[in-house]
Each structure stands twice: as C-alpha cells, then as structure tokens.
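Notes to accompany the following structure.
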Amino acid sequence: MQENFFNQVYEVVKLIPKGKVTSYGAIAKYLSSSRASRMVGWAMNNCHSRSEYIPAHRVVNRNGLLIGKAFFGKENEMSLLLNDEGVEVKDDQIINFKNHFWDPSIELTL
DNA sequence: CGATTGACGTACG
DNA sequence: TCGTACGCCAATC
C-alpha cells in the first residue's frame with residue numbers, strides 16, 4: 001500500500017497524545033499541502049484497512065466539529081471517547097478547541 | 001481505462 | 001462578510 005502519504009497520516013494520528021485533537025488541514029499541511037486535507041479524510045475512510053487502530057475520533061475538521069462521528073459507528077462513541085480523554089465536547093462540537101488543538105507541525109517540530 | 005466521489009481547506013469573487 | 005470554485009490523491013463505479 002501507500003507508504004508515503006496515507007502511512008504518514010496514520011502515523012501522525014497515532015502520535016496524537018491523549019486529550020488532544022487535531023484537524024485534517026493541520027495534518028495535510030504538515031505532510032505536504034494545506035489543500036490535501038481531503039486525502040487525510042480519505043485515509044481515515046480507509047483507516048479500517050490498516051492493521052493498526054487509528055484514533056480517528058481525535059481528528060476533526062477545522063471547525064472542531066466531530067464530522068467523522070457518522071463514520072465512527074456510534075455517534076456518541078466519538079464524543080464519549082473525547083470526553084473520556086479530557087476533551088470537552090458539546091453537541092459534536094469540541095469546546096475550547098484551540099486549547100485542545102494539537103498541531104503536528106509544532107509538536108513534532110518539523 | 002475514464003469519470004466521479006470523498007471524514008476538508010484555502011483562494012478568489 | 002458570504003458564496004462559489006479549485007486543489008490534493010486514491011478508490012470506487
């Protein structure tokens with residue numbers, strides 16, 4: 001399979017610390033282009049094809065909205081996981097998103 | 001093999 | 001400030 005973009009996405013997502021969240025655009029920008037955010041979402045769509053578990057619930061859109069909840073299975077599961085990790089989520093919307101935001105381009109110190 | 005879609009985001013009007 | 005168009009790459013139809 002793709003050992004460059006997709007694998008990079010999965011690796012970054014798995015590196016997200018507990019209680020932290022990031023956005024598709026942040027990962028895309030860290031990997032290549034800011035406009036490659038669709039590829040990140042596509043990677044998440046195929047995340048089940050990966051051998052490792054991908055904490056996709058820690059990856060949200062630019063608005064901090066749990067857009068992927070519909071693909072996660074149980075809608076509440078995604079919110080509950082984030083809440084359990086210390087991330088405040090209200091109505092599928094992350095509260096203090098900026099406070100919980102985890103930027104790979106900064107945390108990974110590219 | 002060619003066209004369209006897809007967990008988004010940025011740029012331009 | 002709000003709305004529409006485009007870009008990225010892979011997978012599916």
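Per chain, numbering begins at 1; letters A, B, ... match sequence-line order. Because only heavy atoms are used, hydrogens play no part in the values below, and waters and symmetry mates are left out as well, while side chains stay in. Treat the numbers as computed from the prediction; the structure is a model and nothing was measured.
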Legend entry - Nearest atoms (heavy-atom pairs only) where Leu65(A) meets Asp91(A): CD1-O, 4.4 Å

Inset, instruction - Rounded to the nearest angstrom, tell me the gap between atom CG in Asn46(A) and atom P in dT12(C). - result: 6 Å

Legend entry - Contacts of Lys18(A) that satisfy side-chain contact (heavy atoms from CB on, under 4.5 Å) - sequence neighbours left out: Arg58(A), Glu85(A)

Inset, instruction - Please write out which residues are connected to Leu80(A) in a hydrophobic cluster, directly or through intermediates, given that two of Ile, Leu, Val, Met, Phe, Trp, Tyr count as joined at side-chain heavy-atom separations below 4.5 angstrom. - result: none

Inset, instruction - Could you note down all residue pairs passing side chain to side chain donor-acceptor pair (under 3.5 Å) where residues 34-44 of chain A supplies at least one of them, sequence neighbours left out? - result: none

Legend entry - Heavy-atom closest contact (Cys47(A) atom, Ile54(A) atom, distance): CB-CG1, 3.7 Å

Legend entry - Contact summary for Val59(A) and Ser23(A), nearest pair of heavy atoms: CG1-C, 4.4 Å

Inset, instruction - For Asn96(A), check side-chain contact (heavy atoms from CB on, under 4.5 Å) against everything at least two apart and list the hits. - result: Glu88(A), Asn99(A), His100(A)

Protein-nucleotides 6-9 of chain C N/O pairs under 3.5 Å:
residue : atom : partner  : partner atom : Å
dG7(C)  : O6   : Arg38(A) : NH1          : 2.5
dG7(C)  : N2   : Arg35(A) : O            : 3.0
dC8(C)  : O2   : Arg35(A) : O            : 3.0

Inset, instruction - Please identify each residue that fulfils salt bridge (Lys or Arg N to Asp or Glu O under 4.0 Å) with Lys69(A), with sequence neighbours left out. - result: Asp92(A)

Inset, instruction - Would you mind classifying the nucleic acid contact of Asn45(A) as base, sugar-phosphate or nothing, using non-hydrogen atoms under 4.0 angstrom? - result: base

Inset, instruction - Could you list by number each residue of residues 79-97 of chain A showing a heavy-atom separation from DNA chain B of less than 4.0 Å, or answer none if no residue does? - result: none

Inset, instruction - Mind calculating the distance between OH (Tyr10(A)) and P (dA10(C)) to the nearest angstrom? - result: 12 Å

Legend entry - Shortest non-hydrogen contact between Phe71(A) and His48(A), atoms and distance: O-NE2, 4.4 Å

Inset, instruction - Output the rest of the hydrophobic cluster of Val89(A): all Ile, Leu, Val, Met, Phe, Trp and Tyr residues reachable through side-chain heavy-atom contacts under 4.5 Å, sorted by chain and number. - result: Val21(A), Tyr53(A), Val60(A), Leu66(A), Phe72(A), Met78(A), Leu81(A), Leu82(A), Val87(A), Ile94(A), Phe97(A), Phe101(A)

Inset, instruction - For Ala28(A), report the nucleic acid contact type (base, sugar-phosphate, nothing); a contact means any heavy atom under 4.0 Å. - result: nothing

Inset, instruction - Using whole Å, report how far CG of Asn61(A) lies from P of dT10(B). - result: 11 Å

Inset, instruction - Taking only heavy atoms on the protein side, list every residue of residues 63-75 of chain A lying under 4.0 Å from any atom of DNA chain B, sorted numerically. - result: Ile67(A), Gly68(A), Phe71(A)

Legend entry - Asp103(A): side-chain hydrogen bond (donor to acceptor under 3.5 Å, both in side chains) partners, not counting sequence neighbours: Ser105(A)

